[in-house]
Amino acid sequence: MKIIIKNGRVIDPSQNLDCTTDLYIARGHIVGLDTPPEGFEPNQTIDAKAKWILPGLVDMQARLGEPGHNQTGHIASETKAAVAGGITSLCCPPDTDPVTDTQAVAELIQRRARQAATAFVMPIGALTQGLKGEHLSEMYALKQGGCVALSQANQPIQNPLILKNALEYAASHNLLVILRSENHQLKNHGVAHSGAVSTRLGLPSIPASAETTALARDLILVEEAGVRAHFSQISCARSVEMIQQAKQRGLPVTCDVAIHQLFLTEMDLLDFSSLVHVTPPLRSQADRDALRLGVKMGVIDAIVSDHTPRGRDEKQLPFGESKPGISGLETLLALTLRLVDDKVLSLSQAIQLLTEQPANILGLNCGSLQLGSSADLVIFDPESYWTLHSESMLSEGKNSPFSGWEFSGQVEMTFFQGRPVYLANAV
Amino acid sequence: MSARLTRPNIQLNEQGKLKHFLTLEGLKPHHLTEILDTAESFLNPHTNEIKKVPLLRGKTIMNLFFEPSTRTRTTFEIAEKRLSADVMNLNISASATKKGESLLDTMWNLEAMQADMFVIRHSESGAAHFFAEHVAPHVHVLNAGDGQHAHPTQAMLDMFTIRKLKGDVFDLKVAIVGDILHSRVARSQIQALSLLEAREIRVIGPKTLIPPFPEALGVHVYHDMEAGLEGVDVIIMLRLQNERMQGALLPSEQEYFNLYGLTERRLAYAKPDAIVMHPGPINRGVEIDSAVADGPQSVILQQVTYGIAVRMAVMSIIMSNAALLAQAQAEAVESPEQASSQERPE
């Protein structure tokens, strides 16, 4: 299959590219930009006039429901939701059931993803067996089995000695470790940020220090171990500051933020809506502003969806009893582009945070439209306006607090390995 | 910044009147004074007796207690019976309803048994809101305490007590002492006091028992009991739960009593005519000395009696608001048989 996409505005920060040009695809790869390769005879020509051509997005954190959480989602359904949101590569955290702590589970996930053939799914292996924080997992085998990194998902290792060992072991094999810093004791069964809103609503609260004290510890151990570490879903102003200082010290660290943290705050909890129950919790306006600034200044390297599909009965409960998480794949790009409208980011910065930078952190060559790379790309109509209706989301998890929000710009078509995998308004 | 639509206060109907009673936050002062005035009308001015009235005859009220309670449940039950309602008591152990479906299913089943009002106590903050969001439009929800969030009828009976003994809440200095952090009673009291324009609301306790962001409540924080009691008109003591001792929030009962126990000596720092209140049950020798609890300034037992009148007031107001709304809608529609379907809010 040979395809020309003509006259589109190609925006690819990985090549510093933003111009109107033609793109040539053959055998699933990008084979030409601007000029066709010799003897190129297209089977299909797509006119992308006034449209943007973006590299397929890379989402470092998305739960796909498999294995083990089939009532909330499947790899097939969730990768469809991903490509509808322009995401063609995604990492799934190891808190599956069974936990992704063996090659077999990692391979199962990749096999299901290959069968679905909708997006590139990269498992993240567990840093410790069963995520219990007690015994190191077979990290090297997990890497051999296709895991792009190792993490503890939402169950950070509490024992510093075990963490130190895990980091040193990962460093010896040059593995990327993804950490979400949180002190379990300070979290103390909390469900909401410790601030004005939890004070008023009487919700058990999680202080910012639950994150920052753990982050301080983790940064020191990372420095000592010399491991390549990525901090996932930071949520506090102080955390941005600490990561910035660590980078200035020359530590090999990067970090990301979940997209909802850049829009929602503790104030959104005021009517006890379980849709905004997330881990880590939505924090104060000041934290949100600092996270936005961190993204703008480049302290934060990537934006993730933290996609967590939930069934109705997991959310239809009083706030504290409901399960945390937002179904976020279908709003990652739309919300990130809203940061461009809000003058927080330039367009190329926004795209970079969703493509080149996460790909670099993972050490992969996705998220780019360079010659020879896989033809994973998005045709985006910047002039199309739409409203999110949670009931018409493609994800099996309809748990989006952004239902009813209006967005400008819409994914029109998504290609994965040169094949169209999503077409908006498909009849 | 959030573009989420601000929803109307779910406890008010289209006419801005109480439909549910979940929290005092978001209510207007007139909602509170209406409750206080109505409660007054149920009380014999000379004997404090409460007579039986037929206001809720034919109505079914279900008391759903997911958490144990003696005093609140009993006074609700008496209030319901004095209003001539049919009363059902259901004690549902929280463990049996850990699954969400069964929680809603429980409620829907009871609704199908033609309940008109649920009185709910639950250990999760926001539980009463949750029920109010999911009940059928003709069913009313009354919060009898949800987690650490709110206990609005308790706060209203406290306001009633203050008004009875002090004439008005306006311009008074009130100190609330003890575990503010975990107290739904304190949160509701603070909201009631600020709606009724108390001059100053103080909270007294060690930092481990004060919420993380007291500014959000509009209170002054004192860690020193004597400074906090200086010149106040009303002292509200809160019960110290035993489990707070185990959570390492406090060193010992003894030290707590030495620092924050209300003794006659400490009481002298307040105004000479200050009253002492307590939502009960009291821990003698932990937060309050027996000499004070049984002393002339204590109004603890009056609070209990007034609790019946106040709960009657809230329930009768909610039911009469519903009747008024139905009537107004029937008149607007003209054809009476359509009135009931119009009752559902858009």
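All values below come from the heavy atoms of this structure, side chains included, with hydrogens, waters and symmetry mates left out. All values reported here derive from a predicted model rather than from experimental measurement. Chain letters run A, B, ... following the sequence lines, proteins first and then strands; every chain starts at 1.
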query = In Å and rounded to the nearest 0.5 Å, what is the CG to CG distance from B:Leu104 to A:Leu317?
reply = 7.5 Å
inquiry  = Quick check for you: to the nearest 0.5 Å, what is the distance between B:Phe130 atom CZ and A:Ser322 atom OG?
reply    = 9.0 Å
key: Partner chain A: residue of B:Pro212, B:Gly126, B:Ala216 with the largest heavy-atom pair count (under 4.5 Å)   = B:Pro212
Option in B:Ser125, B:Pro211, B:Ala150 with maximal non-hydrogen atom pairs under 4.5 Å from chain A = B:Ser125
query = Tell me, which pairs form a ring-ring contact (aromatic ring centres under 6.0 Å, His included) where one or both residues lie in residues 309-337 of chain A, sequence neighbours left out?
reply = A:His277-A:Phe319
key: Over all atoms of both residues, closest heavy-atom pair of A:Asp271 and B:Glu133   = O-OE2, 4.0 Å
inquiry  = Only pairs of heavy atoms separated by less than 4.5 Å count here; which of A:Gly404, A:Pro318, A:Pro204 has the most with chain B?
reply    = A:Pro318
query = What parts of residues 193-202 of chain A touch chain B if we use heavy atoms and a cut-off under 4.5 Å?
reply = A:Ser194, A:Gly195, A:Ala196, A:Ser198, A:Thr199, A:Arg200, A:Leu201, A:Gly202
Audit row: B:His149, A:Leu203, side chain to side chain contact (heavy atoms under 4.5 Å, CB included) steps and yes/no = CA-CA 7 Å; B:His149 172 234; A:Leu203 286 168; over 6 Å; no
Set of salt bridge (charged side-chain N to carboxylate O under 4.0 Å, His left out) partners for A:Glu330, sequence neighbours left out = none
message = Between B:Arg187 and chain A, with a heavy-atom cut-off of 4.5 Å, which part of the residue counts as in contact: side chain, backbone, both or neither?
response = side chain
query = Going by the angle between their ring planes, with limits at 30° and 60°, are A:Phe272 and B:His129 parallel, tilted or perpendicular?
reply = tilted
request  = Just grab all the salt bridge (charged side-chain N to carboxylate O under 4.0 Å, His left out) pairs involving residues 212-223 of chain B, residues at least two apart or on different chains.
outcome  = none
inquiry  = How about CZ on A:Arg238, more than 12 heavy atoms from neighbouring residues, nucleotides or ligands closer than 6.0 Å, or not?
reply    = no
